[in-house]
There are 2 protein chains.
Amino acid sequence: MIKIRDLEYLTAIAEYKHFGHAADACFVSQPTLSGQIQKLEQRLKLTLIERQPRNVMLTPAGEKLVQQARQVLNAANNFEEAAKALLDPLSGDLHIGLIPTLAPYILPHIMPKLNSNLAKINFYLHENRTQDLLQQLEAGKLDILILPWLPEMVRFERYDLFTEPLVMATSPSHPLANKTKVTFDDLHNQKILTLEDGHCLRDQAMGYCFSAGAEEDDSFRATSLETLRYMVASNIGITLLPQLATINYAPQKHIHYIPFESPQPVREISLLCRTGYAQMESVRAVVNEVRQAVTGLFD
Amino acid sequence: MIKIRDLEYLTAIAEYKHFGHAADACFVSQPTLSGQIQKLEQRLKLTLIERQPRNVMLTPAGEKLVQQARQVLNAANNFEEAAKALLDPLSGDLHIGLIPTLAPYILPHIMPKLNSNLAKINFYLHENRTQDLLQQLEAGKLDILILPWLPEMVRFERYDLFTEPLVMATSPSHPLANKTKVTFDDLHNQKILTLEDGHCLRDQAMGYCFSAGAEEDDSFRATSLETLRYMVASNIGITLLPQLATINYAPQKHIHYIPFESPQPVREISLLCRTGYAQMESVRAVVNEVRQAVTGLFD
DNA sequence: CCATATCAATAGATTTAAACTATGATAAAA
DNA sequence: TTTTATCATAGTTTAAATCTATTGATATGG
């Protein structure tokens with residue numbers, strides 16, 4: 001049977017493409033790593049690594065097996081994590097991934113509670129776009145994600161957290177600015193400012209707007225919600241913002257936030273983790289904390 | 001880092017609840033296994049095993065970690081399998097699980113092709129009920145399943161194979177026996193013979209029958225399709241049979257098989273395997289063979 | 001075109017730990 | 001009480017992973 005150490009050596013080579021550096025990363029000498037890799041290749045009767053002078057690379061077989069090796073290493077990590085968790089539940093490291101249109105606006109609401117009520121857990125926060133987050137979750141670099149749920153995420157375990165309405169943002173001088181509610185029909189023929197490609201908020205908000213007959217202002221695409229907010233305040237156009245981004249957020253005076261009549265456009269914020277993740281207790285505790293922290297925010 | 005050997009020892013203990021037998025299963029001496037388990041417990045600072053005199057059992061922590069250990073061992077197995085597969089694609093062992101209401105009727109159609117066109121693969125066939133099969137697939141004891149798809153199976157990778165109609169089976173003396181087609185309404189107030197609990201065909205066929213206003217003959221539940229067939233031939237009642245079970249199957253003279261007008265009752269036969277299974281090439285080859293083997297059967 | 005730096009492979013010694021056999025201890029069964 | 005089953009302990013052997021030191025091969029720079 002294969003040894004876990006061998007798999008670590010193999011993946012290290014895959015990462016560094018260099019025997020010496022890989023050996024350092026594994027805290028062994030270069031001859032040790034070279035030797036073990038050779039034995040592995042003999043045992044499998046496969047050439048895993050192409051040793052060109054000054055250019056180490058993996059063969060196709062090597063690539064394939066590195067993938068499998070990572071699976072094993074992930075599972076082994078889970079084992080160790082689970083053991084630690086048993087020793088001291090609700091402790092250890094938890095890497096949370098969030099999307100940029102949610103992180104800055106929800107974290108102030110949840111982190112104080114998480115840090116005080118789950119004090120033994122070290123929270124690491126990672127901000128990235130949905131597709132990157134999903135990859136990192138799968139690869140074991142992240143433990144949980146907080147983002148709007150999409151059907152492609154069925155392979156992960158899902159906890160619904162809350163439903164966040166999108167509200168219209170206009171400058172005070174815009175014709176719609178002084179309504180207390182806007183409707184689907186108000187969007188007709190409006191020019192909408194959007195985020196750049198890759199933000200899932202863009203797809204969601206724009207889906208709603210286009211079906212209402214609005215048009216995208218494609219002369220401009222914002223790189224962040226804050227840019228978008230300042231564009232709206234400068235009376236360049238209107239946009240939809242997630243409601244969390246409108247709570248306690250300046251500049252209140254130069255921008256009007258107007259809720260929609262139902263059916264409101266919304267995004268369904270969920271928490272994902274790998275099925276079979278070792279520290280489910282921590283995950284459930286986080287779910288509870290977040291749900292409590294947001295109750296009342298949307299009423 | 002943990003060693004795979006340790007995990008094998010741990011799962012062996014979990015399986016046999018006996019150090020000696022577990023040691024035999026691992027091909028090591030009992031003291032070796034005892035010692036390694038002790039070291040493992042020391043390293044994790046957890047008691048994994050409760051050593052009552054003549055009664056070895058796992059602690060809750062042990063149970064939890066055995067689950068994690070099996071994950072690792074599965075992944076490690078996948079690695080080795082993948083390596084073998086690279087050495088010689090479309091070869092090796094493939095454990096196929098099928099349900100009893102499908103296996104005997106489809107295997108004659110597919111096994112000849114599989115054995116001749118994928119000659120380097122050793123096929124092992126396992127017949128069991130759906131729930132057991134799913135567990136065994138998850139545990140890595142089986143590699144692929146062929147059965148009617150249900151929503152709870154989303155966690156596995158799915159390949160649709162074919163749609164199998166269910167047909168009505170009656171004795172020649174039954175009032176419906178000489179129709180060339182039967183309809184949903186013909187089922188009204190009929191007494192239907194059924195399989196015993198646990199067969200998914202029972203749920204599917206009966207669901208259709210009940211919604212048509214048929215009643216179950218609950219004085220009797222058959223243990224196999226063949227029993228059911230002979231009960232029908234003896235004019236005890238009628239039933240629905242999957243169409244594959246009516247092709248080339250005696251006693252043709254004592255039983256009439258009548259198809260339904262559309263909408264026919266059907267079952268959707270799919271092939272499942274674990275996502276990330278090492279020998280996907282073999283799986284896809286099997287899917288192709290099966291699809292080819294059944295084309296024409298239902299036209 | 002030679003000198004040098006880089007990098008992986010090899011050789012041989014060392015250390016670690018996993019495995020074995022033999023035996024002891026304990027409690028249930030006879 | 002004796003026997004049997006079963007796990008733990010002790011001491012030894014064996015296997016293999018690791019280390020340091022070195023070689024060999026190949027680009028690169030002067």
Side-chain angles (χ1 to χ4, degrees), chain A residues 1-59 61-63 65-66 69 72-73 76 79-80, chain B residues 1-59 61-63 65-66 69 72-73 76 79-80:
Chain A
M1 175 63 83
I2 205 72
K3 287 211 209 64
I4 286 190
R5 205 83 237 267
D6 297 335
L7 303 182
E8 288 178 330
Y9 294 155
L10 180 59
T11 51
I13 293 267
E15 184 166 356
Y16 295 99
K17 319 274 191 213
H18 186 291
F19 280 74
H21 299 164
D24 288 348
C26 295
F27 303 106
V28 294
S29 67
Q30 169 264 316
T32 296
L33 187 135
S34 287
Q36 292 308 103
I37 291 278
Q38 279 180 35
K39 278 193 195 167
L40 181 66
E41 287 182 308
Q42 285 169 19
R43 192 136 33 84
L44 301 178
K45 295 179 197 143
L46 283 168
T47 305
L48 304 177
I49 292 167
E50 234 180 276
R51 289 118 165 132
Q52 300 288 348
R54 273 158 223 264
N55 187 20
V56 170
M57 43 194 327
L58 294 179
T59 63
E63 291 283 2
L65 287 184
V66 165
V72 181
L73 293 178
F79 181 95
E80 305 247 9
Chain B
M1 175 63 82
I2 206 72
K3 287 212 207 64
I4 286 189
R5 205 83 236 268
D6 297 334
L7 303 183
E8 289 178 329
Y9 294 154
L10 180 59
T11 52
I13 292 266
E15 184 166 354
Y16 294 100
K17 320 276 192 210
H18 186 293
F19 280 75
H21 300 163
D24 288 349
C26 295
F27 303 104
V28 295
S29 67
Q30 170 265 315
T32 296
L33 187 136
S34 286
Q36 292 307 103
I37 292 278
Q38 279 180 35
K39 276 194 197 168
L40 181 65
E41 287 182 309
Q42 284 170 19
R43 223 156 43 69
L44 300 178
K45 296 180 197 144
L46 283 169
T47 305
L48 303 177
I49 292 169
E50 233 179 277
R51 290 119 165 130
Q52 299 289 347
R54 283 169 210 254
N55 188 20
V56 171
M57 43 194 325
L58 293 179
T59 62
E63 291 283 3
L65 287 185
V66 165
V72 182
L73 294 178
F79 181 95
E80 305 248 10

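Letters go in sequence order (proteins before strands), and every chain restarts at 1.
Annotation: salt bridge (charged side-chain N to carboxylate O under 4.0 Å, His left out) contacts of A/Asp6 (sequence neighbours excluded): A/Arg43. For A/Val66, the side chain to side chain contact (heavy atoms under 4.5 Å, CB included) test picks out A/Leu10, A/Thr11, A/Ala14, A/Leu58, A/Arg70, with sequence neighbours left out. With sequence neighbours excluded, the residues that form a salt bridge (charged side-chain N to carboxylate O under 4.0 Å, His left out) with B/Arg51 are B/Glu41. Remark: A/Glu80 pairs with no residue by the side chain to side chain donor-acceptor pair (under 3.5 Å) rule, at least two apart or across chains. With sequence neighbours excluded, no residue satisfies side chain to side chain donor-acceptor pair (under 3.5 Å) with A/Gln36. In terms of the side chain to side chain donor-acceptor pair (under 3.5 Å) criterion, residue partners of A/Ser34 (sequence neighbours excluded) are, by chain and number, A/Gln30.
For A/His18 and C/dT6, the shortest distance from a side-chain N or O to OP1 or OP2 is not below 4.0 Å. Listed pair A/Arg51 / C/dC7 fails the phosphate criterion, with no side-chain N or O lying under 4.0 Å from OP1 or OP2.
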Seminar exercise, completed: Each nucleotide of nucleotides 14-30 of chain C classed B (base within 4.0 Å of a protein heavy atom), S (only sugar-phosphate) or -, in 5' to 3' order, makes ----SSBBB----BS--

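Among residue pairs with one or both ends in residues 14-29 of chain A, those qualifying as side-chain hydrogen bond (donor to acceptor under 3.5 Å, both in side chains) are A/Ser29-A/Thr32; sequence neighbours excluded.
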For this session: Might you work through the side chain to side chain contact (heavy atoms under 4.5 Å, CB included) test for B/Leu65 and B/Leu46, ending with a clear yes or no?
Result: CA-CA 10 Å; B/Leu65 287 185; B/Leu46 283 169; 4.0 Å; yes

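Here chain B contacts DNA chain D (any atom closer than 4.0 Å to a heavy atom, that is under 4.0 Å), and the contacts span D/dT4 to D/dT9 from 5' to 3'.
Summary of the strand contacts: B/Gln38 and B/His21 both lie near DNA chain D, and taking for each the nucleotide with the nearest heavy atom, the more 5' one is attributed to B/His21.
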